[in-house]
Amino acid sequence: MLKPKPYNSAKKIVEAQVIVAMQKQGYTLNAVNNYDENLLHISAANGCLGIVREILDQKENCRVIDRKNKFGWTPLMQAIRNGNIDTVKLLLQRNADVNQMTYLGMSVLGLAAAISKEMFETVYNAYPDALAHTANDDITPLCVAAMKNDKELFLRLLELGMPSSTTNRYTRIMMKRSIVPEIAALANEELAIDDYWSDTSDNIEIISEQNINSMTEDCSISNDDENKGEKPKLHLLQFPALEFGKQTSRISPNLTYDVFMFPKANFEKDSLIEKSNISIDENANEKRTENDLEMSYATDKDELESSPTVLQR
């Protein structure tokens, strides 16, 4: 990141004063601010190359070079975020871990790709093998390049061996929405299979309750179509939910054909009354017949008991 000359000169003066105070009074990396950032975090974030070198010259401090702040950022990540390439190079020379990730899942190479192609090349040239470790990240460098519409960086990542055919869902979405034709074209090729499974053009038509009555009225029309040799249409009937107390159950959809639709039944009040009267009369006649049979049986029994018995030798 370019700074004006007066700023750089004033910064160097302040750095020199801080280094002198550190050497005289001493310091500790266990002292942190509200974001759990120590002196190394703050110096790397502000590009204070002299202070970072002074800290890392102490061998015991190299063991905490990858200490994270409250958000999972290491001093190397903070230097990358603010575009301090010289500080990034120094941290990489002192074996800062490039495989670290923030608590939100952003890798060092993904963060470098988000800053600039130059920053990405700086980190990649120091640790080329780290690029293979980012293939399974949620936000890969390829996803970042597609999000930024950075054609040069995107093609560079493909050249380095990041295949677009194995990208995750986030990367495919960013590629598809890219305004760069070359990136979007690759996304369309990869999304051909997804579009096939998302196609709903051949779905079975679902008929609502309002159209059920019209279906029954069109039963005669479907019969005419059958006579003409036309195939009946397949419909999916949808029924409302039935409530039983607090629980709700749904009737499974039934597949029916128009030619098998039952006509409307005309249940009039008078016809129901007449049918109920007939059933009552039939029940009464049955009861009378049973009573008559019981009475005749009792009479025959009495006659047999009262008649004299003739004994023959």
Side-chain angles (χ1 to χ4, degrees), residues 1-3 8 11 15 40-57 59 61-69 71-102 104-168 170-171 174-175 178 180 182-183 186:
M1 185 178 295
L2 297 177
K3 300 289 183 180
N8 291 330
K11 179 182 176 182
E15 277 189 60
L40 182 58
H41 285 96
I42 297 172
S43 301
N46 290 279
C48 299
L49 183 62
I51 299 176
V52 172
R53 182 179 287 109
E54 176 67 22
I55 294 173
L56 296 180
D57 284 342
K59 293 183 179 180
N61 292 336
C62 293
R63 294 178 296 180
V64 295
I65 191 173
D66 295 320
R67 180 178 292 179
K68 294 183 177 183
N69 64 4
F71 307 104
W73 291 65
T74 64
L76 176 61
M77 294 176 181
Q78 291 183 311
I80 292 173
R81 179 192 61 187
N82 292 338
N84 301 318
I85 292 182
D86 293 335
T87 305
V88 170
K89 290 180 179 179
L90 177 60
L91 291 169
L92 292 174
Q93 291 173 2
R94 300 301 176 92
N95 298 321
D97 190 1
V98 298
N99 294 319
Q100 294 288 335
M101 298 182 67
T102 67
L104 295 179
M106 178 65 74
S107 65
V108 172
L109 277 174
L111 184 61
I115 300 304
S116 65
K117 183 177 181 296
E118 181 184 4
M119 183 64 73
F120 172 81
E121 294 288 354
T122 300
V123 179
Y124 173 77
N125 291 333
Y127 294 93
D129 296 337
L131 184 61
H133 297 161
T134 63
N136 297 324
D137 295 346
D138 290 335
I139 307 299
T140 63
L142 200 66
C143 177
V144 174
M147 188 186 307
K148 293 174 55 182
N149 297 307
D150 192 337
K151 176 183 174 181
E152 185 179 0
L153 178 59
F154 188 89
L155 296 178
R156 172 61 175 161
L157 290 170
L158 295 179
E159 179 185 349
L160 293 175
M162 289 199 71
S164 61
S165 59
T166 59
T167 55
N168 57 22
Y170 300 106
T171 304
M174 291 299 104
M175 290 172 61
S178 176
V180 179
E182 291 81 359
I183 298 177
L186 290 174

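Treat the numbers as computed from the prediction; the structure is a model and nothing was measured.
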[X]: which residues meet the side chain to side chain contact (heavy atoms under 4.5 Å, CB included) condition with it, sequence neighbours left out?
X	value
Q93	L90
A146	F154, M174, M175, I183
L160	F120, Y124, L131, R156
S116	E118, M119

Spacing of [X] atom [atom1] and [Y] atom [atom2] [to the nearest 0.5 Å]:
X	Y	atom1	atom2	result
L157	E152	CG	CD	11.0 Å
Q78	K68	CD	NZ	12.5 Å
L76	I80	CG	CD1	4.0 Å
R67	L40	CZ	CG	9.5 Å
L158	L142	CG	CG	5.5 Å

Considering only heavy atoms from C-beta outward, does the side chain of R81 approach that of M77 to under 4.5 Å?
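No. Closest side-chain heavy atoms not under 4.5 Å.
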Just by distance, with hydrogens left out, do T140 and T171 show a side-chain donor and acceptor under 3.5 Å apart?
yes
Applying salt bridge (Lys or Arg N to Asp or Glu O under 4.0 Å), can you list everything that pairs with E182, at least two apart in sequence or on another chain?
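Only K151 meet the salt bridge (Lys or Arg N to Asp or Glu O under 4.0 Å) criterion with E182.
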If a pair satisfies salt bridge (Lys or Arg N to Asp or Glu O under 4.0 Å) and one of its residues is in residues 87-100, list it, with sequence neighbours excluded.
D57-R94
Scan for salt bridge (Lys or Arg N to Asp or Glu O under 4.0 Å) pairs involving residues 126-141, sequence neighbours excluded, and state none if there are none.
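Listed by first then second residue: nothing to list.
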Any residue meeting side-chain hydrogen bond (donor to acceptor under 3.5 Å, both in side chains) with [X], in chain and number order, not counting sequence neighbours:
X	result
D150	none
N99	H133
S178	N149
K11	none

Distance-only check: which donor-acceptor pairs under 3.5 Å involve side-chain atoms of residues 43-55, not counting sequence neighbours?
unit_1, atom_1, unit_2, atom_2, d
S43, OG, L39, O, 2.8
N46, ND2, I42, O, 2.7

Return the minimal non-hydrogen interatomic distance between V144 and G110, and the atom names on each side.
CG2-O, 3.9 Å
Are there over 12 heavy-atom neighbours, none belonging to Y127, within less than 6.0 Å of that residue's OH?
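Above 12, so yes.
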From the options V123, T134, L111, L153, select the one residue that forms a side chain to side chain contact (heavy atoms under 4.5 Å, CB included) with P141.
T134
Full working for side-chain contact (heavy atoms from CB on, under 4.5 Å) between V98 and L92
CA-CA 8 Å; V98 298; L92 292 174; 3.5 Å; yes
